[in-house]
**Student:** 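This is the structure, below, for whatever I ask next.
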Amino acid sequence: MSFSSRVKEELSRQLSPARHCRIAETAAILSLCGKIEIDEEDRYRIKISTENAAVARKYFTLLKKTFNISNEIVICRNAYLKKKCSFQVSVREDADARRVLLAAKLLDEHGEIGENLSVVGNLVVQNPCCRRAFLRGAFLAAGSISDPEKFYHYEIACTTQAKAEQLRDIIATFETDARIVQRKKYFVVYVKEGSQIVKLLNVMEAPVALMELENIRILKEMRGSINRQVNCETANINKTVSAAVKQVEDIVCIRDRMGFEKLPEGLSDIARLRLERPEASLKELGEALDPPVGKSGVNHRLRKLSILAEELREKGMAPNGLSAIQRNEEENYDTKNNHD
């Protein structure tokens with residue numbers, strides 16, 4: 001079972017003790033996945049259709065507990081998609097259908113039905129508790145939530161922009177910022193921030209799903225923090241190793257081209273120590289000197305050695321202090337004498 005299905009399963013078991021809250025939840029379900037049929041004799045019939053058994057069961061329970069209406073849940077199987085089936089709950093009696101529609105403020109005293117079963121400006125969502133119930137019903141009817149192990153995404157699909165804007169405004173009353181995007185023929189109200197989705201689960205009264213999501217968020221944040229720390233330490237180690245390798249190369253260049261004897265005592269000491277301990281940190285090198293030197297002092301001496309090595313490379317200084325030009329001249333002189 002997906003995380004979204006588990007959330008809906010939990011919400012389907014939440015039944016508000018107050019009748020006005022149950023009416024608000026019924027209104028949301030009817031508005032987002034309901035249908036009204038009127039026959040030639042002007043008799044009303046309500047039908048909801050959903051692919052989620054928990055939603056059908058919740059609507060059935062709401063009708064029974066709120067209006068004392070008993071119905072059956074009809075299962076319809078798709079001949080083409082054998083694994084898919086839908087659940088239908090209908091209110092067949094005209095008097096019962098009118099009672100439900102009037103209570104949900106979807107039918108006025110003149111028998112007029114709001115366009116697309118609109119609940120915009122509906123009195124059933126005036127109280128905060130009713131807005132919670134309405135949001136719960138809307139999510140059950142047309143909502144989904146992604147697996148938090150992968151990413152955070154909460155959405156409710158509406159058939160009209162007015163319904164989407166109303167849902168966004170209701171969500172905003174709980175200090176949560178929702179947005180609307182049009183996807184094909186639907187207007188989708190969505191939230192992408194993990195902390196705000198946690199808040200919405202609390203609003204809809206899904207404590208088990210809330211704790212599961214919070215645990216996943218904590219683990220993901222810990223993993224992210226550890227990964228950042230490891231990456232930082234790895235980068236520092238790589239930087240330190242690269243610097244040490246360059247320092248050893250420079251010192252070897254100086255040793256081979258001019259020797260340590262021509263260096264000042266401080267530079268010759270740190271040069272010999274770095275060759276002996278190529279893996280040591282600047283702090284460890286400084287502590288090993290006599291007298292000890294701080295990190296900045298060690299770094300300053302190594303930087304001087306690096307500059308000297310670069311100068312030697314640029315001048316072409318050969319081993320034993322001879323330049324490349326002098327070495328070539330001596331080689332040519334020796335060759336001539338040997339020939340003679």
**Student:** Could you walk me through whether Leu289 and Arg301 pass the side-chain contact (heavy atoms from CB on, under 4.5 Å) check?
**Tutor:** CA-CA 12 Å; Leu289 290 171; Arg301 295 183 185 185; 3.8 Å; yes
**Student:** If you count the non-hydrogen atoms of other residues, nucleotides and ligands that lie under 6.0 Å from CD in Gln182, is the total more than 12?
**Tutor:**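 For Gln182, atom CD is crowded (more than 12 foreign heavy atoms under 6.0 Å).
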**Student:** Are the side chains of Lys192 and Tyr152 in touch, meaning some heavy atoms are under 4.5 Å apart?
**Tutor:**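 Result no, sub-4.5 Å side-chain heavy-atom pair not found.
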**Student:** For Phe174, is there any backbone N or O sitting under 3.5 Å from a side-chain donor or acceptor partner on Thr176?
**Tutor:**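 Between the backbone of Phe174 and the side chain of Thr176 there is a qualifying donor-acceptor contact (under 3.5 Å).
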**Student:** Is Arg6 salt-bridged to Glu10, going by a charged N under 4.0 Å from an acidic O?
**Tutor:**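 Result for this pair is no, no salt bridge flagged.
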**Student:** Quick one: pull up OG1 in Thr50 and CG in Leu32 and give me the separation to the nearest 0.5 Å.
**Tutor:**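 CG of Leu32 is found 11.5 Å from OG1 of Thr50.
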**Student:** Is the NZ atom of Lys246 crowded by more than 12 outside heavy atoms at less than 6.0 Å?
**Tutor:**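 Yes.
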**Student:** Calculate, to the nearest 0.5 Å, the distance between atoms CG and CZ belonging to Leu275 and Arg255 respectively.
**Tutor:**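 Atom-to-atom, Leu275:CG and Arg255:CZ are 6.0 Å apart.
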**Student:** Ion pair present between Glu9 and Arg57, side-chain N to carboxylate O less than 4.0 angstrom?
**Tutor:**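 Salt bridge: yes.
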**Student:** Give the cluster check for Val191 versus Val181: same hydrophobic cluster or not, with ILVMFWY residues linked at side-chain heavy-atom distances below 4.5 Å.
**Tutor:**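 Not linked; separate clusters.
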**Student:** Examine distances only and state if a side-chain atom of Arg45 and a backbone atom of Val91 form a donor-acceptor pair shorter than 3.5 Å.
**Tutor:**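 No.
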**Student:** Stepwise, does the salt bridge (charged side-chain N to carboxylate O under 4.0 Å, His left out) test hold for Glu205 with Arg136?
**Tutor:** CA-CA 8 Å; Glu205 298 178 290; Arg136 180 167 60 244; 2.8 Å; yes
**Student:** Can you check whether Phe139 reaches Val7 side chain to side chain, under 4.5 Å on heavy atoms?
**Tutor:**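 Phe139 vs Val7: side chains touch.
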**Student:** Is the shortest side-chain heavy-atom distance between Arg179 and Asp177 below 4.5 Å?
**Tutor:**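 Answer yes - side chains close enough.
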**Student:** For Val293 versus Val298, what's the shortest heavy-atom pair and its separation?
**Tutor:**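 Between these two residues, the closest heavy atoms are CG1-N, 3.8 Å.
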**Student:** Please check this pair: side chain of Lys199 against backbone of Glu175, looking for a donor-acceptor N/O pair closer than 3.5 Å.
**Tutor:**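 Present.
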**Student:** Side chain of Ser242, backbone of Lys239: donor and acceptor closer than 3.5 Å?
**Tutor:**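 No; judged by distance alone, with no hydrogens or angles, the pair does not exist.
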**Student:** Report yes or no: does Thr234 contribute a side-chain atom to a donor-acceptor pair with the main-chain N or O of Val230 at less than 3.5 Å?
**Tutor:**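 Looks like yes, one N/O pair under 3.5 Å.
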**Student:** If you round to the nearest 0.5 Å, how far is CG of Leu308 from CG of Asp250?
**Tutor:**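 Interatomic distance, Asp250 CG to Leu308 CG, rounded to 0.5 Å: 9.0 Å.
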**Student:** Considering residues, nucleotides and ligands other than Lys304, do more than 12 of their heavy atoms fall under 6.0 Å from its NZ?
**Tutor:**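 Atom NZ in Lys304 is not packed in, count stays at 12 or less.
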**Student:** Do Glu310 and Arg313 sit within salt-bridge range, that is, some charged N less than 4.0 Å from a carboxylate O?
**Tutor:**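 Yes, this pair counts.
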**Student:** Rounded to the nearest 0.5 Å, how far apart are NZ of Lys105 and OG of Ser31?
**Tutor:**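 Rounded to the nearest 0.5 Å, the NZ-OG separation comes to 15.0 Å.
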**Student:** Decide yes or no for Leu302 and Leu282: does some side-chain heavy atom of the first lie under 4.5 Å from some side-chain heavy atom of the second?
**Tutor:**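 In contact.
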**Student:** Quick check: does any side chain N or O of Thr26 sit under 3.5 Å from a backbone N or O of Arg22, one acting as donor and the other as acceptor?
**Tutor:**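 Present.
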**Student:** Please find the pair of heavy atoms, one from Cys21 and one from Ala133, that lie closest to each other, and give the distance.
**Tutor:**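 Distance-wise, the nearest heavy atoms are O-CB, 3.2 Å.
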**Student:** If you count every heavy atom of other residues, nucleotides or ligands that lies below 6.0 Å from Lys220 atom NZ, does the total exceed 12?
**Tutor:**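 Correct, the count exceeds 12.
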**Student:** With a cut-off of 6.0 Å (strictly less than), are more than 12 heavy atoms of other residues, nucleotides or ligands near CD of Glu165?
**Tutor:**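 More than 12 heavy atoms, drawn from other residues, nucleotides or ligands, come within 6.0 Å of this atom.
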**Student:** Check whether Asn127 reaches the backbone of Cys129 with its side chain - one donor and one acceptor, N or O, closer than 3.5 Å.
**Tutor:**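 Checking the backbone N and O of Cys129 against the side chain of Asn127, no donor-acceptor pair under 3.5 Å is found.
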**Student:** Between Ser146 and Phe151, is there a donor-acceptor pair closer than 3.5 Å when you use the side chain of the first and the backbone of the second?
**Tutor:**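 Yes.
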**Student:** So do Leu15 and Leu62 actually touch side chain to side chain, heavy atoms under 4.5 Å?
**Tutor:**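 Leu62 reaches Leu15 side chain to side chain.
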**Student:** Please check if the side chain of Lys58 supplies one atom and the backbone of Gln14 the other of a donor-acceptor pair under 3.5 Å.
**Tutor:**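 Looks like yes, one N/O pair under 3.5 Å.
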**Student:** Do Leu102 and Phe134 sit in the same hydrophobic cluster, where Ile, Leu, Val, Met, Phe, Trp and Tyr count as joined when their side-chain heavy atoms come under 4.5 Å apart?
**Tutor:**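 Same cluster: Leu102 reaches Phe134 through Ile, Leu, Val, Met, Phe, Trp or Tyr contacts under 4.5 Å.
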**Student:** Specify the closest pair of heavy atoms between Met204 and Leu11, including all atoms of both residues, with the distance to one decimal.
**Tutor:**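 Looks like O-CD2, 3.2 Å.
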**Student:** Using 0.5 Å steps for rounding, measure from the CG atom of Leu213 to the CG atom of Asn202.
**Tutor:**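 Interatomic distance, Leu213 CG to Asn202 CG, rounded to 0.5 Å: 11.5 Å.
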**Student:** Counting only N and O atoms by type, is there a donor-acceptor contact under 3.5 Å from the side chain of Arg274 to the main-chain atoms of Val248?
**Tutor:**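 The answer is no, because no donor-acceptor pair under 3.5 Å joins these two groups.
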**Student:** Please determine whether the number of non-hydrogen atoms from other residues, nucleotides or ligands lying under 6.0 Å from atom CD of Glu279 exceeds 12.
**Tutor:**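 Enclosed: over 12 neighbouring heavy atoms sit under 6.0 Å from CD of Glu279.
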**Student:** Other residues, nucleotides and ligands only: do more than 12 of their heavy atoms fall within 6.0 Å of CZ on Phe67?
**Tutor:**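 Correct, the count exceeds 12.
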**Student:** Rounded to the nearest 0.5 Å, what separation is found between the NE2 atom of His153 and the CD1 atom of Ile145?
**Tutor:**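 Those atoms lie 9.5 Å apart.
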**Student:** When you look at CZ of Arg217, are more than 12 heavy atoms from neighbouring residues, nucleotides or ligands closer to it than 6.0 Å?
**Tutor:**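 Atom CZ in Arg217 is packed in, count exceeds 12.
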**Student:** Flag the pair Lys185 / Thr159 as yes when at least one side-chain heavy-atom distance between them is below 4.5 Å, and no otherwise.
**Tutor:**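 A side-chain contact is absent here, since even the closest heavy-atom pair is not under 4.5 Å.
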**Student:** Please report the shortest heavy-atom distance between Asn52 and Phe87, naming the atom on each side.
**Tutor:**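 For Asn52 versus Phe87, the nearest heavy atoms are C-CD1, 4.0 Å.
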**Student:** Within a strict 4.5 Å, meaning less than it, do heavy atoms of the Leu140 and Glu25 side chains meet?
**Tutor:**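 Of all side-chain heavy-atom pairs linking Glu25 with Leu140, at least one is under 4.5 Å.
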